[in-house]
Amino acid sequence: MLPPVEFVVLGGGLAGRRLACDLARLGQQGILIEYHAFGGATLNVACLPDAMLVRAARIARQIRRGEGCGVGLGDASVDLGRLFAAVGATVSAARSHDLALWPADRVELVIGQGRLIAPDRVEVALADGTFRRIRTRRVFIATGTTVATPDIPGLSGACPLTPRELFRLTRVPPQLVILGASFGGMAYAQAFAALGAEVTLLDEHERVARFEDTVFSDALAQQLRHEGVRLLTSTRVGGVSGLSGEGVTLSLEQGRQQFELDASDILLAGARQPLTRNIGLEAVGVRLDAHGCIVVDETLKSSVDGIYALGDVAAYPTPGHAVSDDARVALSLYGAPLRTTAGRVLPRIAFVDPEYARIGLSEAEARQAGVAVRVCRLPMHAVTRAWSEGELGGLMQAVLAEDDGRILGFAMLGIGAGDVTSAVQVAMHAGLPAAVLAELPLAHPTAAEALNVLFASGSWVRG
Ligand SMILES: Cc1cc2nc3c(=O)[nH]c(=O)nc-3n(C[C@H](O)[C@H](O)[C@H](O)COP(=O)(O)OP(=O)(O)OC[C@H]3O[C@@H](n4cnc5c(N)ncnc54)[C@H](O)[C@@H]3O)c2cc1C
C-alpha cells in the first residue's frame, strides 16, 4: 500500500491554490487536483476579467465625458472582440505567472477530476482515461461553485450567457437583458451600457442590492438609470423563448401586469450553486446544508474526520477575500496561530463605477438587531475629490454605537469607495472610535479625507 501524503486539496481555485502554497511554505508535502482551469473563477471568469471589463467601460465613459474638462476625443468606439482578446491574454499571462511560482518541490499539481472514495482516499480521473488513487491524512475540498440556472420555462433551452461564456462574445449585444440585480448584475449592466448595449436589468425583488440600506439601493438605481440602464424590479420572468445571441422573448409579470420583452442576448448574473455533486461526498457521509454547501465548523472541519472544506463550496456567496482567509484558518491545523471563521467582519464591494462598498452593519441590520446606533451621512458632493473627478452622485454613511462611538458599520457609494472602506476596516479592527478618524490629518484632496467630516460630531443626520 502507498504511504499517505500529508494533504490533498481538491480544486485549484483561489481557496485551494492559496492553501496549497501556504502549506508548502510551512514545509508540508501534498497534492493539489484541478480539472478545469487552474486559478478557478477569480482568475478565469470572475474578478480579473470582470475588472478589465469595468475598466474598459470606464475608459469609454471618460472619453465621452472628456469634453467637460477640455479634452475632446469624440465618441469612443468599442471593439469587444479586441477587448476580450486582451482579457484572454491577460488571464493566461496571470495563470502562467502563478504556475511559474508554483511550489512544485512540495505540492504536486495533478490535472484531472477528483472524487473521494473513502475519508482518506481520493481517486483522480486523468485526461488519458486512466485513474490514479491517492492516500492522504487530510482532504481539503475547495471545488467552488457553478452557475445555477433558475427554473424558468424555456430558459435553459435559450442557452443564456453566464460569466463564463460572456468573455467569448465578439460583438456588443445590441439588446442585453440581465437576470439578477445583485452586485454582479449591476456591474455588468453598467459596463455593457457604457460599451453601447441597450441594457435591461431585471429582478424579482423590489429594489437593486436589496441587502443594502434603501438609501444606497436608491442611489445605485439612480446611477444605473443615469447610465442608460433600464431597471425592471418586482418583475418575474414567466418564460423565455428563442436563443440567446439570435434573439429571445421574455414573458414578464409585474404585479398584475403581463408583458413581453425582446432582446438579442440574455445573461444570468444571479445565483450559483456549490460544486458538491459527483465528488464522492455521499459515499463518505459528508453532510451538506439546505443550499448544497458542505457543512463545516468554525475551523472548516466537515462532519467527517480528516475532511475539511473551504471557499465557496463551504459558504456561498463568499467574496474572494473570505476565501483567502479560509486558507489562513486551515493553517491552524499545521501549527499556525489558532484562527477561526467566527466573528469575521468582511467588506463587500460592487464594482459599479464609481464603486459601492460596505463593511460591518448596515443601518437596517443594526436596528433589526436592536442595537442603539447613531447614523451619520455625507453626500459625495461635499467632497472635493468627487468634484475634481466629476462623480458627484452617491454618499458615505457610518453607523456608530450610541454609547461609546465605536464604528459598527460604514458604507459608501462614490469614487474610491473600496479603498476608503479598507481604511475604515483597519480602524474598526483596531477598535478606534469615530473621533479618531474625525481628527486624523488625512491627505487632501482624496476621497478618504471626507472621513474627517463624516465622523465629526456636527454631521450626524439621525440619532
Ligand atoms: C462572476 C463572478 C464575479 C466575482 N467577482 C468577485 C469580486 O469582484 N470580488 C470578490 O472578492 N469576489 C468575487 N467573486 C467571488 C470569487 O470569485 C469566489 O469567491 C472565489 O473564486 C471562490 O474561490 P474557490 O476557490 O472557493 O472556488 P473556485 O474559484 O470556483 O475554484 C474551484 C476550482 O475547483 C475546480 N474543481 C471543481 N470540482 C473539481 C473536481 N472534482 N476535481 C478537480 N477540480 C475541481 C474547478 O475547476 C475550479 O478551478 C466573483 C464570483 C463570480 C462567479
| note | The residue among V352, D203, L231 that forms side-chain contact (heavy atoms from CB on, under 4.5 Å) with V208 is L231
More than 12 heavy atoms from other groups under 6.0 Å of [atom1] on [X]:
X	atom1	value
R277	CZ	no
R171	CZ	yes
Q29	CD	yes

| request: Could you check whether the rings of F216 and Y356 sit parallel, tilted or perpendicular, using 30° and 60° as the cut-offs? | output: tilted
| field | Aromatic ring pairing F167/F84, orientation class (parallel under 30°, perpendicular over 60°, tilted between) | value | tilted
| query | Do V9 and I33 pass the side chain to side chain contact (heavy atoms under 4.5 Å, CB included) test, and can you show the C-alpha distance, the side-chain angles, and the key distance before you say yes or no? | reply | CA-CA 6 Å; V9 178; I33 303 164; over 6 Å; no
Do the side chain of [X] and the main chain of [Y] share a donor and acceptor less than 3.5 angstrom apart?
X	Y	answer
Q257	L252	no
T276	C293	no
T235	L202	no
Q223	P354	yes

| query | Is any side-chain heavy atom of L267 closer than 4.5 Å to a side-chain heavy atom of Y188? | reply | yes
| said: Can you confirm whether R348 sits close enough to E212 that some side-chain heavy atom of one is under 4.5 Å from a side-chain heavy atom of the other? | reply: yes
Below 4.0 angstrom, N of the basic side chain to O of the carboxylate: do [X] and [Y] qualify?
X	Y	value
R132	E108	yes
R95	D98	no
D325	R339	yes
R358	E363	no
R236	E253	yes

Run the side-chain donor-acceptor check on residues 411-422: report pairs under 3.5 Å with partners two or more places apart or on a different chain.
{"residue": "T421", "atom": "OG1", "partner": "A417", "partner atom": "O", "Å": "2.7"}
{"residue": "S422", "atom": "OG", "partner": "G418", "partner atom": "O", "Å": "3.2"}

| query | Checking side chain to side chain donor-acceptor pair (under 3.5 Å) against R272, which of T145, T146, T162, D312 comes through? | reply | T145
| message | Enumerate the salt bridge (charged side-chain N to carboxylate O under 4.0 Å, His left out) contacts for residues 138-167, please, sequence neighbours excluded, ordered by first and then second residue. | response | E6-R138
| request: Start with the C-alpha distance between V329 and L310, add both sets of side-chain angles, then the distance that settles side chain to side chain contact (heavy atoms under 4.5 Å, CB included), and finish with yes or no. | output: CA-CA 9 Å; V329 170; L310 67 161; over 6 Å; no
